[in-house]
4 protein chains.
Amino acid sequence: MEPTERRRELLLAAKKIFADKGYHAAGVADIVAAAEVARGTFYLYFKSKRDVFAALLDYIFESLMKRLQAIPLDQPEQILKGLMDNVALVEAFFEEDTEHAQIIIREAMFLDEDSSRRVDEMRHALVEYLVAVVRHWQEAGILRPLDPELVAHAFLGAWREFFEQRVILGNITASSEKILENLIQLFLFGLIDPEHFTLAADHLREIGEEEEANA
Amino acid sequence: MEPTERRRELLLAAKKIFADKGYHAAGVADIVAAAEVARGTFYLYFKSKRDVFAALLDYIFESLMKRLQAIPLDQPEQILKGLMDNVALVEAFFEEDTEHAQIIIREAMFLDEDSSRRVDEMRHALVEYLVAVVRHWQEAGILRPLDPELVAHAFLGAWREFFEQRVILGNITASSEKILENLIQLFLFGLIDPEHFTLAADHLREIGEEEEANA
Amino acid sequence: MEPTERRRELLLAAKKIFADKGYHAAGVADIVAAAEVARGTFYLYFKSKRDVFAALLDYIFESLMKRLQAIPLDQPEQILKGLMDNVALVEAFFEEDTEHAQIIIREAMFLDEDSSRRVDEMRHALVEYLVAVVRHWQEAGILRPLDPELVAHAFLGAWREFFEQRVILGNITASSEKILENLIQLFLFGLIDPEHFTLAADHLREIGEEEEANA
Amino acid sequence: MEPTERRRELLLAAKKIFADKGYHAAGVADIVAAAEVARGTFYLYFKSKRDVFAALLDYIFESLMKRLQAIPLDQPEQILKGLMDNVALVEAFFEEDTEHAQIIIREAMFLDEDSSRRVDEMRHALVEYLVAVVRHWQEAGILRPLDPELVAHAFLGAWREFFEQRVILGNITASSEKILENLIQLFLFGLIDPEHFTLAADHLREIGEEEEANA
DNA sequence: TATGAATGAGCCTTCATTCAT
DNA sequence: GATGAATGAAGGCTCATTCAT
């Protein structure tokens, strides 16, 4: 068999095992069993268990990047549909192959410095993408001039929360579309009833002044 | 030494070790070394390594509950200050003792079913609290009638994202107050410039109709 | 409490525990729990776990001796009843307190050199007693002049086999009286039908001669 | 090295160690030291310390069965020689490799339910074999119609007693042949001098009547 | 390249014994 | 005498990694 193919088989076996059992519970024995190769063969293609996990993160990262690069940022004429389509696309990536999400969210994030750095790169890619979208519509005067990074991180966090609950933990049964729609509405229009915008804004200003006075 | 005291010492030692090295990398040997007791002593107070971790989650949960119970939900006259104060209080709990957060967020969430259930209880307590706040101001007609649970989860997720970045991973240097303030503004007023509310709402409706037509 | 009393309580607790769980599975913790004293108290009366076991063997040995010494060897006029009564008495000792038997047969026999020596003393006492009985009736011309020690050991072994099966392992449900009666009949009259005694004796002689020829 | 061979080496090492030190005192460390392999290698071939012991019992059981199956039950023309040859064969099995006997008699019998069940199977095989022999000669009218199982158990017990004393504990120096010969004589002809058979039988009857009267 | 038997450091846990109170 | 918390040696077992074939 071609070396590259062997390596790929092992990588996919590792993906399945890590997603199933988690990094620590997964053993090299499980991986080679799933790949149907001998124990020693594993070490022909990967330096260690850590190494195959790192390779896995690379693989997932690259897969995600391919998707993101396929999205045009500047064409959408309709802000809402644009946002929804684009975010849905990211969600689809993780939902198509739930193992990806299991690994990224459950395992890689806090496994060690190296892993968390790699996840951070992914997060950064997503954030940059969201930032670009927000900035695009801010420049068009449609969105208010809030810090785009803050918005991106906030949205990412909110979305991750629901994704975790729904896909990883299975605590929510609502459809991903419905959730996403509501989430976007919340982020776009905010909580406050427009009638009370002025009142609310006044309060906000007062609080700021109080705090400055206290400081 | 009084048994209760010894147990507490071991618990705190375990908290430090688990926060430092993570559940898997932490050994009972580390814990007893930190507590400066013999190996066997550990098993006088805890059934196993798992057991001490569970006890730790209980301890953190109870500590957090004490804080939350101290907050009056129905008195705040000012929505913004109320929300900010209350959320800040939760944040303070985790920030005072970063180890708490390390353990809850990095380790407990996905360690196993038992642990994730416990973390879920905590999340639930926080969500319920946020839901109560949102509902309070919805009934007062100040907030729009969005699903309070959705709002609560979204806010929790967004907040967690920043907390992780700032406290656990150290990627952000902005002050927690500033972040919280911006976050609340985002959730309250939304992204869209009020001038374009009507336009945006129209788009939203169109999208809905398109989708129904497609279905 | 009087020291002697305390010691006795511990000894009896140990007897129960050792009989229940066996020497190795029994822990000092079990013994002190059964005796309702503190862990340390145990070591006030016994040097070690081994020590309490040795003391237990002494105790059982003495109890058995008291019984045996109470039996008159020379008065019985009737050989069968005499044998049966006497053997039944030994059996009764172990059956009254099954724990005795559990400990002697299951644990002490092969635990270590010291224990097996003690059990051997007991066995010796029983054998000597049986030897005396056999010899008594041999001198009266009732029993054939077989080696009395051989007879005693053989009987002891056969009896032990049934006792183990019945009391320790629970494999036999027949009453001890019935078994004993049959056993004694077997030992007294033998297997061969008297009609064939001569024939059998001839065979026996032939075999002996063959073997001598082969040697 | 071939797996089967390694496993066999470990099994034999375990046999030696268990026979030497007993189940509890023997450590996996001792076994792997005797087999001159690493600790982990042991667990390549056996699930646990218990497991290797069980495997050992199987091995001994099978070895014994091979011997027993080689014995024709129905051909012997001479009762005495037949019995002696056959029993001697069983004895030889244990005497050739004393470790077998050490393990079966000292350790396995009362270690736990599983072990004692296995030993019981062996005992059963021997008993059945003896029963068949006895029954064979009973049908030929040579032996009296005593319960064959009782006879078999009694003989087995008596034989075990001597075997233990001689081989395991080293208390007897007489040759096994001499002992066996005497034992068989005892079982065949019984203790009572034929001249007194009638007298003895009368006594026996009287005892029975007395007991019935008392009941 | 592929194999899989062998390795051994390292982990969790138990329990007889000690000792300060 | 009595207590029971503390001890730590010892034991069973796992698993990532190596290496001779």
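Heavy atoms only: backbone and side chains are in, while hydrogens, waters and symmetry mates are out.
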Polar side-chain contact C:R39-E:dT17 base: donor and acceptor under 3.5 Å: yes
Who does [N] pair with, Watson-Crick or G-U, both distances under 3.5 Å?
N	value
E:dA16	F:dT7
F:dT21	E:dA2
F:dG12	E:dC11

Options E:dT7, F:dT7, E:dA16, nucleotide nearest the side-chain atoms of D:V37: E:dT7
Nearest listed nucleotide, side chain of B:Y45, among F:dA6, F:dT17, E:dT7: F:dA6
[X] [atom1] - [N] [atom2] separation (whole Å):
X	N	atom1	atom2	answer
A:F53	F:dA16	CZ	P	14 Å
C:F42	F:dA2	CZ	P	14 Å
C:H24	F:dG11	NE2	P	12 Å
B:K47	E:dC15	NZ	C1'	18 Å
B:I17	E:dC12	CD1	P	12 Å
C:R50	E:dC15	CZ	P	16 Å
B:Y43	F:dG11	OH	P	17 Å
A:L44	F:dA16	CG	P	18 Å

Short N-O contact, B:E9 and B:R6, less than 4.0 angstrom: yes
Smallest separation among heavy atoms of B:E107 and B:G22, with atom names: OE2-CA, 3.2 Å
Touch class at under 4.0 angstrom, heavy-atom based, for D:A35 against every strand present: nothing
Residue closer to the 5' end of DNA chain F, D:G27 versus C:E36 (nearest nucleotide): C:E36
Any D:R6 side-chain nitrogen or oxygen under 4.0 Å from OP1 or OP2 of E:dA6: yes
Matching residue for B:H100 among B:D97, B:T98, B:I103 - test: side-chain contact (heavy atoms from CB on, under 4.5 Å): B:D97
cation_pi(D:K49, D:Y23) dist<6.0 Å, angle<=45: yes
Residue whose closest nucleotide on DNA chain E lies nearer the 5' end, B:A25 versus A:T41: A:T41
Heavy-atom side-chain contact between D:L57 and D:E121 under 4.5 Å: no
